[in-house]
Protein chains: 2
Amino acid sequence: MDTKEHIMQVGMQLFAEKGYETTTIRDIASKAKVNLALISYHFGSKEGLLKNIFQQRALNLQFQIWEISNDKSLNELQKVHLMIDYYIDKIFTNHQFHRVMMRELFSSQSEEVHSDTIDIFTENAKIVISIIEKGIKKKVFRNIDPELCFASIIGTIHHLMHSTILRKRIFGGKEKKDPILEPSFKKRVTKHIQQMIEHHLIAEKNNNN
Amino acid sequence: MDTKEHIMQVGMQLFAEKGYETTTIRDIASKAKVNLALISYHFGSKEGLLKNIFQQRALNLQFQIWEISNDKSLNELQKVHLMIDYYIDKIFTNHQFHRVMMRELFSSQSEEVHSDTIDIFTENAKIVISIIEKGIKKKVFRNIDPELCFASIIGTIHHLMHSTILRKRIFGGKEKKDPILEPSFKKRVTKHIQQMIEHHLIAEKNNNN
DNA sequence: TTAAAATTAAACAAATGTTTAAAACTATAT
DNA sequence: ATATAGTTTTAAACATTTGTTTAATTTTAA
């Protein structure tokens, strides 16, 4: 059993549940069933643990956005759809880390801890935005707001990921269960965002309406 | 000068900037230039201060959503547009409080502190959702996902409000200024969300395209 | 066997929210 | 005006909690 890896896993879980500040190294040590000195020993400090978690996961952020962007066999709409797919997939499967990341990203302080992560995030964002801009130039997309369009994609996902309470209340049904783990919910979100963005980007031909 | 009110104002400002946990009562006392014992004296505790701030502001959340909903002179699309207008206006003008609220709402713990706020929030949400559902039943709206449609409205706004860093990076221009205070940005966001939701809800007639 | 690495229990210093008891201030009644 | 009761403010101390360190012990591997 790799103690170091184990601590990181438990640490991330608690950071995701309670937030970095509220989680004490005694919480982590207790849940991981290791001595609390081991956190300082292995990671130097509590912040060191957070940095390690970020480094470990940040690579995972750099997903195939760039490759999709350069794929000549796809048109702009297909690219946007694929990117939405990837974003949702990444964020849903790593939702614990994303909670931590977003919470820290939103706290505006201690920027240095995750400046790498922010860099990756903004770079990905700019790629998506540039695809939309290209579509607008080519007149296959409407003349809409590319940056805010991206904000809506990512904002929808994050809003659904972040607030456990609201998610349970609005989507949890009568039993107020958290739908985040049900695969059907992921599909539902993907479908919604893709539909909404497509409706926004493209004025459809008039069928029989 | 009302000390109590002054402490609440400074407290909210710091909670918005640094988060509740990270802000110490010494920070607040120092910035407000009052003795730190006054916080416990006036509010009982640090958490008492937070509760007071929530109570003071929560009432402000209950805006005219209900009245819009019942206004017979408006059709469904107009109602949705007006609601978006109101949401953005409320959140932008009270953006400090909304930062605090959302951060605390997202932390999943200490639910009791703001259960009132959550109640108001979810009630408002359900009104908006029911309007969309009504539009769908009347077939003036497409058969889209009402709950997720609301999630996109509110998610977009909150995503833009929350992340100072990302906002500066993507919308701040070359000088990386925070656009949140510029009135043009508010207008831009309103226009975008209204357009996007309208495109999503209504299949437009084919003009000359 | 031995040297390095990992783990443990205990102690440490700093920071935090809270309380206390005295002082200063305010307003009211005499 | 003066005394008095109540409120507000202050400085200091308090008990806890926090992250971290230390020194001894155990485990691992060469």
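In what follows, chains carry the letters A, B, and so on, assigned in the order in which the sequence lines appear, proteins first and then strands, with residues in each chain numbered from 1. Both backbone and side-chain heavy atoms feed into the values below; hydrogens, waters and symmetry mates do not.
For A:Asn35, the side-chain hydrogen bond (donor to acceptor under 3.5 Å, both in side chains) test picks out no residue, with sequence neighbours left out. For the side-chain hydrogen bond (donor to acceptor under 3.5 Å, both in side chains) test, residues two or more places apart in sequence or in another chain that qualify with B:Glu198 are B:His81. For B:Ser184, there are no side-chain hydrogen bond (donor to acceptor under 3.5 Å, both in side chains) partners, not counting sequence neighbours. Judged as a side-chain hydrogen bond (donor to acceptor under 3.5 Å, both in side chains), and not counting sequence neighbours, B:Gln194 has no contacts.
At whole-Å resolution of the value, NE2 in B:His6 and P in D:dT9 are 12 Å apart. Summarising the geometry, the separation between NZ on A:Lys4 and P on C:dT7 is reported as 11 Å, rounded to the nearest angstrom. In this structure, A:Asp2 places its CG atom 12 Å from C1' of C:dA6, rounding to the nearest Å. Distance, A:Phe43 CZ to C:dA6 C1': 13 Å, rounded to whole Å. Between A:Leu50 atom CG and D:dT18 atom P the separation is 17 Å, expressed in whole Å. Between B:Leu38 atom CG and C:dC25 atom P there is a gap of 14 Å when expressed in whole angstrom units. Rounded to an integer number of Å, the gap from B:Ile28 CD1 to C:dT16 P is 12 Å. Counting to the nearest Å, the C1' atom of D:dT18 and the OH atom of A:Tyr20 are 12 Å from each other.
Look at B:Thr3 and you won't find any side-chain N or O under 4.0 angstrom from OP1 or OP2 of D:dT8. Dashed line: the shortest gap from a side-chain N or O of A:His42 to OP1 or OP2 of C:dA5 is not under 4.0 Å.
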What does the list of N/O pairs under 3.5 Å between the protein and nucleotides 20-29 of chain D look like, with a distance for each?
residue: D:dT20; atom: OP2; partner: A:Lys46; partner atom: N; Å: 2.8

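Here ring pair (Phe, Tyr, Trp, His ring centres under 6.0 Å) pairs that include residues 169-201 of chain B, with residues two or more places apart or in two chains, are A:His192-B:His200, A:His199-B:His200, A:His200-B:His192, A:His200-B:His199, B:Phe171-B:Phe185.
Between the side chains of A:Gln96 and A:Gln9, no donor-acceptor pair is found at a separation under 3.5 Å.
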